[in-house]
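Reading through the structure tokens given below for one structure.
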Amino acid sequence: MFPSEFDVTGKTVIVTGAARGIGKGIARVFAEAGAQVMVTSLTDRYLTPLAEEMEAAGHPILPLTADATNSGDWQRTVDTAMDAWGRIDVLVNNLGDAIRKPLVPPPGSDGTPITDEEWRFVLDINLTEAFMGCRAVGQHMLERGSGRVINISGFAARKGSPEMLVYSAAKAGLARLTQTLALEWAPYGVTVNCIAPGIFPDPETGEPDRIAASRENAKTTVPLGRVGELREVGLLAVYLASDASAYMTGETLYIDGGLSHA
């Protein structure tokens with residue numbers, strides 16, 4: 001018999017940035033595992049098709065267009081979830097994006113430096129979004145005396161890369177945000193953990209040539225010799241949301257095929 005500690009049936013889950021990529025993989029696995037799932041995205045371009053797909057598969061989800069870097073939209077997200085479920089058990093802060101530019105272009109190059117606006121954009125979409133999500137949902141979880149927060153970081157939290165300064169700084173900051181909130185919220189029964197994925201291309205929305213190149217490149221650059229499958233991050237997220245991980249908090253778990261150690 002499968003251990004009941006891994007069961008997330010009926011748990012209520014918010015996943016941000018869930019219309020495609022890693023967020024979509026997380027939402028799918030939670031829904032298939034029997035959780036009640038709300039997915040948010042800035043637009044409904046991929047959100048509506050995902051909701052239709054999950055409905056047809058017998059695992060309906062609740063879609064909502066919202067900007068996870070906007071406090072007003074976060075209040076609307078929480079209000080919608082509370083109206084639908086009456087409680088929020090799990091929050092997955094999944095937004096992320098990067099701009100590849102140097103801080104200062106090397107002498108003789110024709111590159112352009114990171115602008116003030118780009119710095120703020122990358123910080124907001126990778127770090128501020130989690131701050132706002134935790135603030136919006138945290139009071140509810142603390143008052144209930146239970147809850148799971150899962151922040152999605154990246155292997156850049158451990159290992160910097162050239163021209164990825166802002167992204168790396170934001171992801172490392174997310175790990176520290178996770179660690180600090182874990183300490184603040186532990187007395188109230190709320191755990192806060194972080195997942196740091198490596199290379200997880202989305203075959204449904206990515207460019208086929210780039211995905212093929214990524215898979216080929218991974219054969220020599222990733223110790224396990226392959227890119228990740230979106231479902232694999234979802235399986236780890238479900239574990240962190242379940243009672244099986246009840247004694248774990250403040251951790252950043254790397255799921256990158258060994259890339260951050262290479």
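The 12-atom threshold is not exceeded at CZ of R45, counting heavy atoms of other residues, nucleotides or ligands nearer than 6.0 Å.
Using a 4.0 Å cut-off between charged side-chain N and carboxylate O, R226 and E232 make a salt bridge. Look at R76 and D73 and you find a salt bridge, because one of the NZ, NE, NH1 or NH2 atoms lies within 4.0 Å of a carboxylate O, short of that distance. Electrostatic pairing of R215 and E229 counts as a salt bridge here, judged by a charged N lying under 4.0 Å from a carboxylate O. Salt bridge present: R144 and D89 bring a charged side-chain N and a carboxylate O closer than 4.0 Å. Between E118 and R100, none of the side-chain N atoms (NZ, or NE/NH1/NH2) sits under 4.0 Å from a carboxylate O, so this pair counts as no salt bridge. Ionic pairing of R28 and E204 is present here: one or more N-O contacts between side-chain nitrogen and carboxylate oxygen are shorter than 4.0 angstrom.
In this structure the side chain of T77 reaches within 4.5 angstrom of the side chain of W74, judged on heavy atoms. Using a 4.5 Å cut-off on side-chain heavy atoms (C-beta onward), V39 and L64 make no contact. Between V227 and F200, the closest side-chain pair of non-hydrogen atoms is not below 4.5 Å. A heavy-atom distance below 4.5 Å is not found between the side chains of L95 and N126. Using a 4.5 Å heavy-atom cutoff, the side chains of R158 and H261 are in contact. Annotation: side chain of N193 is not in contact with side chain of V149 (no heavy-atom distance under 4.5 Å). You'll find the side chain of L50 reaches within 4.5 Å of the side chain of I61, heavy atoms only. When side chains are defined from C-beta on, H140 counts as touching R87, because their heavy atoms get closer than 4.5 Å.
Minimum heavy-atom separation, A84 to L62: CB-CD2, 4.1 Å. When all heavy atoms of F155 and Y254 are compared, the pair lying nearest together is CA-CE2, 3.9 Å. Taking both residues in full, the closest heavy atoms of L259 and K159 are given as O-NZ, 3.8 Å, listed atom of the first, atom of the second, then distance. Closest approach of D243 and K11 over heavy atoms only: OD1-NZ, 4.3 Å. Between V15 and G23 the shortest heavy-atom distance is CG1-O, 3.9 Å.
Judged purely by distance below 3.5 Å, without hydrogens or angles, the side chains of T178 and N151 pair a donor atom with an acceptor atom.
Partner of P197 under the side chain to side chain contact (heavy atoms under 4.5 Å, CB included) criterion, out of I152, L253, L236, L230: I152 alone.
A distance of 12.0 Å separates CG in D202 from CD in E207, rounded to the nearest 0.5 Å.
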